[in-house]
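Beneath this line is the structure, given in structure tokens, with notes to follow.
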Amino acid sequence: MHHLPLLLLLWVMGSWSFPTSLTDPKEQDMKMVQTYLESYYRLENDGHKIAKQRDHSPVVEKLKQMQKFFGLKVTGKPDAETLKVMRQPRCGVPDVAPLSITSRIFRWEHTSLTYRIETYTKDMHPAEVDRAIEKAFNLWSQVTPLTFTKVFEGQADIMISFVYGDHYDNSPFDGPGNTLAHAFPPGSGLGGDVHFDEDETWTNNLKEYNLYRVAAHELGHSLGLSHSMDIGALMYPSYFYSGEVQFSQSDIQDIQALYGPSKNPFQPEAPKTPEPCDSKLTFDAITTLRGEIIFFKDRFYLRVIRNYPVELQHISDLWPALPNKLQAAYEVTNKDEVRFFKGNKYWAFQGHDMLPGYPKDIYVLGFPRTVKSIDAAVYEETTSKTYFFVDNKYWRYDETKESMDKGYPKLIQDGFPGIGNKVDAVFSDDNFFYFFHGTRQYEFDPKTKSILRLRKTNSWFNCRKKY
Ligand code: ZN
Ligand code: CA
Ligand code: ZN
């Protein structure tokens, strides 16, 4: 019975802090879905409310199209995952072309292009704006034969401006958040031009929104690219920024399909976005986290959610403080703590919150200075011990005493016979260990010190299922 006053209190507080609580939040979500599909999926606004739509209605079809684009489960319903994606700040260019021009290719017919910055944002020093824009152009000129020359007057191929709200091109901006910028495909007049929403705060750091990051994306449109479904691509519609602006292989393929390769012998690194169902997939680190299994690869994590396509996301989305290319990770389940390793540093989190004082040196755990990095780590709940794998050896750490056990390191082949003498990643599930090395996965029983099964590295991702 003593629950009741608390509930009442919460209810009172709830209505106190949300004076508009009379509005059904579901109705607000529906309104957002409608606006999103109108803005980015060319849903016709026929004045009907989305709530009244039936299966196979244009809204449901557009919603399915959007879910397919973002690799979500295609339900035709605005489920939580779908709403989460719709709330991400993004580019204003629609993800689908109007039917009339779907097969048309936009590209510049000359390779020496000009640009002009017509107006500046009040958020940054003009020199910082110049630098961000120049860096964004440099990205594209490194991978194409295109050159970009800045001009200070007259009409340039690519006119760049910061504008508010309705700026008379039939694509009004929407105030802070949501749409950040848009750009027009190659052509005369507005063709190639880039508009930034001056209602956003523009930065040259990790705070939202980094101008260089957004400019790099928009210039892709100015050169003729449309949005990519590759979450690692610069041309993915949503805004992600973790400190570096990087092409994925798909960006380079797409732009070189229009203009051919650069004559520059130096080609920037273009990582491939991991494909969960690629049987050659390897991992940097794997950990459990509150009952889920999370796989790390380059800038990304893959999360297995039951009955859903595996979720591929940027590490910075959940853990902004973490670097890319992690080397090891493990969860101390009974402390609800997860630890990540890279080089001689490690970071500890409770869920998504970093614990104070991190990152720390791995030497505080008791490693000698000769250890420069950890390959893999796993916690054994039944013994409260953590195993650390370094080259062909392993160490054992007592999480209760918070010290390294005596008598280590030992050879992997002695403690874990059959798994080879190097480990990329390991995690524990149901008291079994799952070791990964290259394209192999070993299911290992630590009690009997034996391998139970060999599996493919992507065996956790429901790859046989059609999404
Ligand atoms: Zn875009
Ligand atoms: Ca906006
Ligand atoms: Zn505009």
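We count ligands from 1, going down the list as the structure has it; atoms in each ligand are counted the same way. Count residues from 1 along the sequence.
Put simply, the angle at the Zn ion (ligand 1) from SG in Cys91 to NE2 in His227 is close to 120°, to the nearest 10°. Between Gly175 atom O and Asp197 atom OD2, the angle centred on the Ca ion (ligand 2) amounts to 80° (nearest 10°).
Among heteroatoms of the N, O or S kind in Asp169, OD2 lies nearest the Zn ion (ligand 3). Within His195, the N, O or S atom at minimum distance from the Zn ion (ligand 3) carries the name ND1. Of all N/O/S atoms in His221, NE2 sits nearest the Zn ion (ligand 1). Looking at Glu200, its N, O or S atom nearest to the Ca ion (ligand 2) turns out to be OE2. Atom NE2 is the N/O/S atom of His167 found closest to the Zn ion (ligand 3). As for Asp174, its N/O/S atom nearest the Ca ion (ligand 2) is the one called OD1.
Remark: Lys360 qualifies as a cation-pi partner of Tyr358 under the 6.0 Å distance and 45° angle criteria applied to the six-membered ring. The cationic group of Arg303 does not satisfy the cation-pi geometry with Phe295, failing either the under 6.0 Å distance to the six-membered ring centre or the 45° limit from the ring axis.
Annotation for Asn170: atom CG does not count as buried by contact number, only 12 or fewer foreign heavy atoms lying within 6.0 Å. Other residues, nucleotides and ligands contribute over 12 non-hydrogen atoms within 6.0 Å of the NZ atom of Lys150. For Lys68, the NZ atom is loosely surrounded, since the number of other residues' heavy atoms within 6.0 Å does not exceed 12. For NZ of Lys280, the number of neighbouring non-hydrogen atoms (other residues, nucleotides, ligands) closer than 6.0 Å is 12 at most.
Thr457 and Gln441 share no side-chain donor-acceptor pair at under 3.5 Å.
At a cut-off of 3.0 Å, Asn178 does not coordinate the Ca ion (ligand 2) through any N, O or S atom. Residue contacts to the Ca ion (ligand 2): Phe173 brings no N, O or S atom closer than 3.0 Å.
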